[in-house]
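Following: one structure in structure tokens, then a few remarks.
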Amino acid sequence: METSIEDVAGAPAGPAATAAVRAGAVTDTAATASGAAPVPVAPASLSPSRAGDFMQCPLLYRFRVIDRLPEKPSEAATRGTLVHAVLERLFDAPAAERTPPRAKALIPDQWDRLRESRPELGELFADDPEGERMAQWLGEAERLVERWFTLEDPSRLEPAERELFVEAELDSGLRLRGIIDRVDVAPTGEVRIVDYKTGKAPRPQYAEGALFQMKFYALVVWRLKKVVPRRLQLVYLGSGDVLTYDPVLADLERVERKLLALWEAIRLATETGDWRPRPTKLCGWCDHQAHCPEFGGTPPPYPLPVRAAESGGAEQGRMGPD
């Protein structure tokens, strides 16, 4: 489970910083620089990752956004960060040189850069003195990069933006922010938003959840540029699938209403301190079981001022249909 770059105050400072935060290295820039513990703060903006956290489990959202509890780096998330960095950097090369061997050759250098920016990643393979498991892990990163060439032809692509930080404020005052993996703009001006996923494509019945992030980005682009993206594209390197969706304005208006309702639930929980766990199968991968009542744990003392909850209020963290 990883912290998102969208939650850091301010835009990222270059590819190394982007990769580090994408993998969960930074939760509070000032605290990280000084070595002090992160300072709890009230939520001030919303990203796709954190919106997903709250919908999954309000208490998880609190642990990540308000308490800013540390989380261990994972091999899967770190491999995803590495692959993203390679695919971004490949476009620095001339079109004819964007080949599988060139892409795979970028992996060692990008892995070194990632470890330099995140020394704690050394823990991932601390019990692997011979380097066998790390070699296997790097081999899987190579296979993911190679599979990308079966799904897209980078020699025919000239992205308008890569790892683009975007932020927009809605009329309500809610700030939305995130990082888009790639933005393609056709000669006719049509915009395509592309996101790489190193996992497998979801089953059809779960596709809408996967598209939520992309519709979120489309909403931000619409608010910033007054342009509805022509296409949203998810590239699943783990399974070799490409999921596309062509949004219309009504889609983005529905997403905006959903986010406003979600933000109101987050605001109420922040003011009352009422963050309820919502057990799911994903709890088995959560780093915060020791603090979760569902596992016999106790959350840290709530660090923000609270007020009494209004009687008859809606249950925290639940949203109606779009």
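The figures that follow rest on heavy atoms only: side chains count, while hydrogens, waters and symmetry mates do not.
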Nearest 0.5 Å, please: how far is CG in Leu138 from CE in Met134? 5.5 Å
Stepwise side chain to side chain contact (heavy atoms under 4.5 Å, CB included) check, Leu174 with Leu46: CA-CA 8 Å; Leu174 171 59; Leu46 197 59; 4.2 Å; yes
Of all the heavy-atom pairs spanning Trp222 and Leu249, show the shortest one and how long it is. CZ2-CD1, 3.1 Å
Considering only residues two or more places apart or on different chains, which pairs with a residue in residues 147-157 satisfy salt bridge (Lys or Arg N to Asp or Glu O under 4.0 Å)? Glu152-Arg182
For Arg79, enumerate each residue passing the side chain to side chain donor-acceptor pair (under 3.5 Å) test, keeping only those at least two apart in sequence or located in another chain. none
Please identify each residue that fulfils salt bridge (Lys or Arg N to Asp or Glu O under 4.0 Å) with Arg267, with sequence neighbours left out. Glu264, Glu271
How close do His291 and Pro300 get, heavy atom to heavy atom, and via which atoms? ND1-CD, 3.9 Å
How close do Pro154 and Phe91 get, heavy atom to heavy atom, and via which atoms? O-CE2, 3.8 Å
Distance (rounded to the nearest 0.5 Å) between Asp53 CG and Ile266 CD1: 9.5 Å
Once salt bridge (Lys or Arg N to Asp or Glu O under 4.0 Å) is applied, what residue pairs with a partner in residues 243-252 remain, sequence neighbours excluded? Arg230-Asp246, Arg231-Asp246, Asp251-Arg254
Taking the six-membered ring for Trp and the full ring for Phe, Tyr or His, determine whether the centres of Trp137 and Phe125 are under 6.0 Å apart. yes
Report the relative orientation of the aromatic rings in Trp275 and Tyr302; use parallel for angles under 30°, tilted for 30 to 60°, perpendicular for over 60°. tilted
Test salt bridge (charged side-chain N to carboxylate O under 4.0 Å, His left out) applied to Lys72 and Glu120, step by step: CA-CA 9 Å; Lys72 297 177 182 178; Glu120 71 274 16; over 6 Å; no
Does Glu75 have any salt bridge (Lys or Arg N to Asp or Glu O under 4.0 Å) partners at least two apart in sequence or in another chain, and if so, which? Arg133
Which atom pair, heavy atoms only, marks the closest approach of Val183 to Ile180? CG2-CG2, 3.8 Å
All heavy atoms of Leu252 vs all of Leu219, minimum pair found to be O-CD1, 3.8 Å
Could you work out, with salt bridge (Lys or Arg N to Asp or Glu O under 4.0 Å) as the rule, every residue matching Glu130, not counting sequence neighbours? none
Would you call Glu169-Arg175 a salt bridge at under 4.0 Å N-O? no
